[in-house]
Amino acid sequence: MKVLILGGNGMLGPWVVKSLEGRHELRITDINDLETPHEYVKLDVSSLDGVVDAAEGMDAIINLSVLRPHRQIAFDVNTRGNYNMAIAARTHGIRRLINTGPHYQLAGPNYEEFNFDLNPDMPPQPGTRLYAHTKALGQEILRIFSETDDIYVQTLLFYNFYDAETLSAPNGGPRLGTDLTPFSVAWTDAGEAIRAALEIELANLPSRCETYNVFTDLPHGKFSNLKARRQLNWQPRHFLEGVWTRPLSPGK
Ligand SMILES: NC(=O)c1ccc[n+]([C@@H]2O[C@H](COP(=O)([O-])OP(=O)(O)OC[C@H]3O[C@@H](n4cnc5c(N)ncnc54)[C@H](O)[C@@H]3O)[C@@H](O)[C@H]2O)c1
């Protein structure tokens, strides 16, 4: 497949590229410069014309772009970026869109006290936090396009990422005496989940808009990754057992 990647120069991008290269033809884009053996186009996802132009000749688009802090730019990237991706798909007859975001664009504050089997088909409650809210709006735009156009949207939700070998994480990982987030995954397994979504037959999807929780099998059971495992046939290879253990309190 010819695949356009938006926001491909962030933390997740290289892992997605690693999973796809050799199997697909990649056109990687980002607002920042990138050195890559693949085709590279410097692209701001908030530019409608730019995204439409970059999508010409593609079979699929994967959106990894995100901007977290700034009200206007977060909206432009996280919300408008998805609108632009959908218009590009409509313009060029691209049927496969893969979107990404944080789990709390779906399971926001209202779900924090729930503690069992939260699944990706529950009603979205992103709350008002800028990152979650703008990503959730972007998701809603894609959902509506999936109803009006012949477009298949698969959204993969993530939270914490770990290096499978060193168990290091971008934010330093779990602090002593705390538990790891019950929504954690190895970078390599995250890349493989995107590949699984890209390669699944569209006819095998139950609907034109499906969302998946992407984290490895963990003991907590607060969230469920069953849909990603069953529908995408995705198998996490790393279970991050090394960060499961809480140190015992003194005297125990
Ligand atoms: N890293 C995490 O902890 C984490 C957690 C949960 C979900 N996610 C989701 O995973 C996906 C990938 O995130 P990441 O971790 O790689 O984030 P990142 O911040 O490392 O990378 C985002 C990329 O988007 C690019 N970008 C920003 N503005 C842009 C614009 N206007 N046009 C084009 N590109 C632009 C950035 O240059 C960067 O390369 C996102 O959807 C994010 O919401 C990440």
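It should be emphasised that the depicted structure is a prediction, and the values quoted were computed from it without experimental measurement. Atoms within each ligand, like the ligands themselves, are counted from 1 in listed order.
Under the 6.0 Å distance and 45° angle rule, R96 does not count as a cation-pi partner of Y152. For the pair R27 and Y40, the NZ or CZ position fails the cation-pi test of under 6.0 Å to the six-membered ring centre and within 45 degrees of the ring normal.
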Item checked: salt bridge (charged side-chain N to carboxylate O under 4.0 Å, His left out) evaluation trace for K227 with E210 -> CA-CA 10 Å; K227 186 174 168 189; E210 294 292 341; 2.6 Å; yes
Checklist line | Evaluation steps, salt bridge (charged side-chain N to carboxylate O under 4.0 Å, His left out), between D33 and K42 | finding: CA-CA 7 Å; D33 290 326; K42 187 166 181 151; 3.3 Å; yes
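Residues N63 and N82 have side chains that bring a donor and an acceptor to within less than 3.5 angstrom of each other. Using modelled atom types and a 3.5 Å distance limit, the side chains of S46 and D76 yield no donor-acceptor pair. Q154 and N99 share no donor-acceptor pair across their side chains, judged by distance under 3.5 Å alone. Q125 and Y111 share no side-chain donor-acceptor pair at under 3.5 Å. Inspection of the T134 and N78 side chains reveals an N or O donor paired with an N or O acceptor under 3.5 Å. In the model, H38 has no side-chain atom that pairs as donor or acceptor with a side-chain atom of E25 under 3.5 Å.
Across Y159, Y131, F158, heavy-atom proximity to atom 42 (C) of ligand 1 is greatest for Y131. The option with the heavy atom closest to atom 13 (O) of ligand 1, from among V185, N99, N9, V66, is V66. When the options L34, T100, L6 are ranked by their closest heavy atom to atom 11 (C) of ligand 1, first place goes to T100.
Regarding atom 1 (N) of ligand 1, its nearest protein heavy-atom neighbour is M11 CE, 3.3 Å. Looking only at protein heavy atoms, the nearest one to atom 26 (N) of ligand 1 is I31 CG2, 4.0 Å. The closest protein non-hydrogen atom to atom 2 (C) of ligand 1 is F161 CE1, 3.5 Å. Atom 21 (O) of ligand 1 has G10 CA, 3.2 Å as its closest protein atom, hydrogens excluded (heavy atom only).
A136 approaches Q105 most closely through the heavy-atom pair CB-O, 3.6 Å.
The part of V77 lying near ligand 1 is the side chain, judged by heavy-atom distances below 4.0 Å. Proximity of R68 to ligand 1, defined as any heavy-atom pair under 4.0 Å, is confined to the side chain (atoms from C-beta onward).
When each atom of ligand 1 is checked for a heavy atom of L43 under 4.0 Å away, the hits are 32 (N), 33 (C). Short contacts between ligand 1 and G7, defined as distances under 4.0 Å to a heavy atom of the residue, involve ligand atoms 23 (C), 24 (O), 34 (N). For ligand 1, the atoms sitting less than 4.0 Å from at least one non-hydrogen atom of D44 are 30 (C), 31 (N), 32 (N), numbered in the order shown with element in parentheses. The contact set between ligand 1 and K135, taken as ligand atoms under 4.0 Å from a residue heavy atom, comprises 40 (C), 41 (O), 43 (O). Under a 4.0 Å criterion applied to the non-hydrogen atoms of L64, ligand 1 contributes the atoms 11 (C), 12 (C), 13 (O), 22 (C), 40 (C). Every atom of ligand 1 is numbered from 1 in the order shown, and the set under 4.0 Å from a heavy atom of N32 is 37 (O).
Taking only nitrogen or oxygen atoms, main chain and side chain alike, V45 reaches within less than 3.5 Å of ligand 1. In terms of polar-atom proximity, defined here as any N/O pair under 3.5 Å, L12 does make such a contact with ligand 1. On a distance-only criterion, D30 and ligand 1 share at least one N/O pair closer than 3.5 Å.
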